[in-house]
Amino acid sequence: MTRSLFLFRFAAACCIFVPIVTSDYDVRQHLQTKSPYPSLQHPPYTPAPPGCEAIQLNAVLRHGCRWPSGSDTAKLSYLQTVLHLYGQSIPNQEFAWMSNWTNKYTPLQSGLLDVFGEWEHYNLSKRFVQDFPGLLNDTYSPLKYLFQTTQVSRAARSGNAFGFGFNEGRGPLGVSGYAPIYEYSDSAANDLSLRFFDNCPAFTNQVLNNSTYSMDSNIYYQNGIGATVARVAARLGLNATSPWLLGSADAAALYTACVFDVVVGNDETLFCSLFSPADFDFFETSADLQDYYIRGWGVPLSYQIAAPLLIDVFKTMDAILVAKPVSQVKAKFRFAHAETILPLLALLGLYNDPEPLHWNSPNLTSRLWRGSVLSPFAANVAFVLYNCSGSYRVKLMHNENEMYFPGCTDLYCPYDSVKALYAAALQSNFSATCGVSCACSSTPPPSESTCPGDYRTGLFGSHSAAFESGVLLGVAAIFLVLGVVITLLGCKIHSWRTERDHGRYSRVNV
């Protein structure tokens with residue numbers, strides 16, 4: 001691809017999330033985990049200590065901007081019905097367009113990656129390569145650069161968009177010289193490293209299905225939604241005698257429409273113009289309180305279940321540090337979800353508020369736990385391993401910004417010190433924590449198996465150990481059936497011969 005074409009594409013993507021309204025309050029930074037990726041630039045990185053060279057990068061990345069989920073699509077369908085009923089009676093003619101508004105999102109498209117999400121990951125890969133050229137500019141090989149994804153299409157396609165930017169110009173295909181990447185994933189039921197939240201019965205029973213942990217969010221919401229409804233009604237010009245008596249469900253649906261106006265439509269001038277900064281803060285805080293307990297610091301189990309992911313990161317680093325390396329991996333990119341990123345950040349000890357968050361906490365406005373900061377679309381957590389003349393150090397990054405490991409005063413923290421910081425997590429037992437039998441999961445293709453800690457070469461290369469066992473059992477079953485058929489056929493032949501010989505004997509003696 002020519003330099004001018006690349007710059008055009010890059011510039012087009014850069015313009016995607018430039019705020020439309022000139023205000024100190026940027027709506028895009030207050031949409032909780034539905035916020036677009038915050039910036040295409042990061043501060044200059046602190047130079048590595050003398051003699052240090054980056055030798056491996058491990059990254060966990062959330063998928064990019066997506067279309068509404070099934071529940072959000074249902075809200076928008078409800079909103080369409082309401083607006084067609086009452087839109088013409090809205091007094092404020094600034095919103096006369098609402099009467100003809102239709103929901104363009106369908107259930108079949110729920111949660112699909114949007115083109116803006118593709119650009120987020122394409123540009124992200126370009127910056128990664130630019131920031132770590134010596135590490136990421138090598139000729140592509142699936143043994144050197146690993147791409148793991150969940151089985152959800154938006155995660156896989158985000159990985160594909162990242163891979164396109166990463167490998168553009170390194171291969172023989174097309175005008176841009178693309179080298180195809182190899183992506184792999186574990187089955188949803190066995191994905192312990194990226195979808196641990198779906199495979200832990202204890203978490204489901206004790207946290208997700210426990211209404212106690214939604215209480216703070218619910219109380220906060222019920223206490224504040226009335227004020228938001230009143231402000232939105234006033235903005236529309238509605239009053240107690242209007243045909244449309246705006247309710248909390250209506251306000252929530254209007255807010256959802258605003259969110260996806262921004263995320264998919266890059267437009268703050270339609271539904272978002274109904275809401276004030278106080279309204280955006282209200283919806284954001286309510287959602288953050290929910291995630292604080294379900295995905296973060298509020299309940300230890302909510303982040304302890306991310307241990308298999310952290311274990312996989314350190315095993316990937318360990319594999320190139322042994323005297324005779326069993327791995328040549330220079331980078332591993334894992335594409336997943338907000339439900340993956342948030343617990344990982346808590347497990348790492350980041351963004352821990354000094355006091356627990358509750359619906360009436362005085363520190364809510366200054367809280368550290370903010371979904372828009374922690375896990376916007378395309379959020380990423382990276383571990384960069386350095387060889388420093390025979391000793392090893394690690395740098396942590398979140399959304400391309402350098403972070404200190406809690407408990408380590410050096411930005412480039414000694415590797416052994418980092419492992420000691422997370423010793424409890426690295427030695428934890430997912431089976432015991434979650435009350436399940438350990439399933440094989442999360443291992444790099446194509447020459448390593450899928451059981452944690454097992455780096456043997458499987459008979460079937462990149463396939464999982466579960467797949468390998470299944471194939472062997474299938475082959476054994478085929479041979480068993482063939483054996484039975486042959487035995488029965490042999491018995492039939494023997495019986496036929498016996499009957500034939502008996503007939504001959506009888507005829508001879510008549």
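Computed from a prediction, not measured in an experiment: that's the story for all the values here.
- The aromatic rings of Phe128 and Phe333 stand perpendicular to each other, their planes meeting at an angle above 60°, with 30° marking the opposite boundary.
- Nearest heavy-atom pair, Arg66 versus Val263, reported as atom, atom and distance to 0.1 Å: O-CG1, 3.8 Å.
- From Thr139, atom OG1 reaches atom NZ of Lys144 across 5.5 Å, with rounding to the nearest 0.5 Å.
- Between Leu208 atom CG and Ser302 atom OG the span is 7.5 Å, to the nearest 0.5 Å.
- Distance OG/Ser125 to CG/Leu61: 10.0 Å, rounded to 0.5 Å.
- Residues Ser193 and Gln148 are in side-chain contact: their nearest non-hydrogen atoms beyond the backbone lie under 4.5 Å apart.
- Judged by distance alone, the side chain of Asn380 and the main-chain N or O of Val60 form no donor-acceptor pair under 3.5 Å.
- Aromatic ring centroids of Phe283 and His30 lie 6.0 Å or more apart.
- Side chain of Thr285 to backbone of Asp281: a donor-acceptor contact under 3.5 angstrom is found.
- No donor-acceptor pair under 3.5 Å is formed between the side chain of His63 and the backbone N or O of Ala156.
- The aromatic ring centres of Tyr122 and Phe166 sit 6.0 Å or more apart.
- When all heavy atoms of Ser431 and Val436 are compared, the closest pair comes out as CB-O, 2.9 Å.
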(message) Before you tell me yes or no, could you show the steps for Cys52 and Asn387 under side-chain contact (heavy atoms from CB on, under 4.5 Å), namely the whole-Å CA-CA distance, both residues' side-chain angles and the distance that decides it to 0.1 Å?
(response) CA-CA 5 Å; Cys52 291; Asn387 184 345; over 6 Å; no
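- Between Arg28 and Glu268, at least one side-chain N (NZ, or NE/NH1/NH2) sits under 4.0 Å from a carboxylate O, which counts as a salt bridge.
- Side-chain atoms of Tyr255 never come within 3.5 Å of backbone atoms of Phe280 as a donor-acceptor pair (strictly under, hydrogens ignored).
- Under a 3.5 Å cut-off, the side chain of Asp267 and the backbone N or O of Val262 do not form any donor-acceptor pair.
- One N or O on the side chain of Glu120 and one on the backbone of Tyr37 form a donor-acceptor pair closer than 3.5 Å.
- Although no hydrogens or angles enter the test, the distance criterion places no donor-acceptor pair under 3.5 Å between the side chain of Glu53 and the main chain of Tyr386.
- When each of Ile320, Leu135, Asp318 is paired with Leu385, the side chain to side chain contact (heavy atoms under 4.5 Å, CB included) condition holds for Ile320 and for no other.
- Glu183 and Asn160 make their closest contact through OE2-N, 3.3 Å (heavy atoms, listed as atom of the first residue, atom of the second, distance).
- Although no hydrogens or angles enter the test, the distance criterion places no donor-acceptor pair under 3.5 Å between the side chain of Ser372 and the main chain of Ser35.
- A salt bridge links Arg393 with Asp410: the distance from a Lys NZ or Arg NE/NH1/NH2 to an Asp or Glu carboxylate oxygen falls below 4.0 Å.
- Without hydrogens or angle criteria, Trp297 side chain to Leu357 main chain gives no donor-acceptor distance under 3.5 Å.
- Without hydrogens or angle criteria, Arg170 side chain to Asn167 main chain gives no donor-acceptor distance under 3.5 Å.
- The aromatic ring centroids of Tyr351 and His398 lie less than 6.0 Å from each other.
- With ring centers used as reference points, Tyr105 lies under 6.0 Å from Trp67.
- With salt bridges taken as basic N to acidic carboxylate O contacts below 4.0 Å, none links Asp186 and Arg195.
- The one candidate from Leu421, Val381, Val418 that meets the side chain to side chain contact (heavy atoms under 4.5 Å, CB included) condition with Leu348 is Val381.
- Closest heavy-atom contact between Val394 and Phe383: CG1-CB, 4.2 Å.
- A cation-pi arrangement, defined by a distance under 6.0 Å to the six-membered ring centre and an angle within 45 degrees of its axis, is absent between Lys126 and Phe162.
- No salt bridge links Asp114 with Arg154; every basic N to acidic carboxylate O contact stays at or beyond 4.0 Å.
- In this structure, Phe197 has its ring center no closer than 6.0 Å to that of Phe203.
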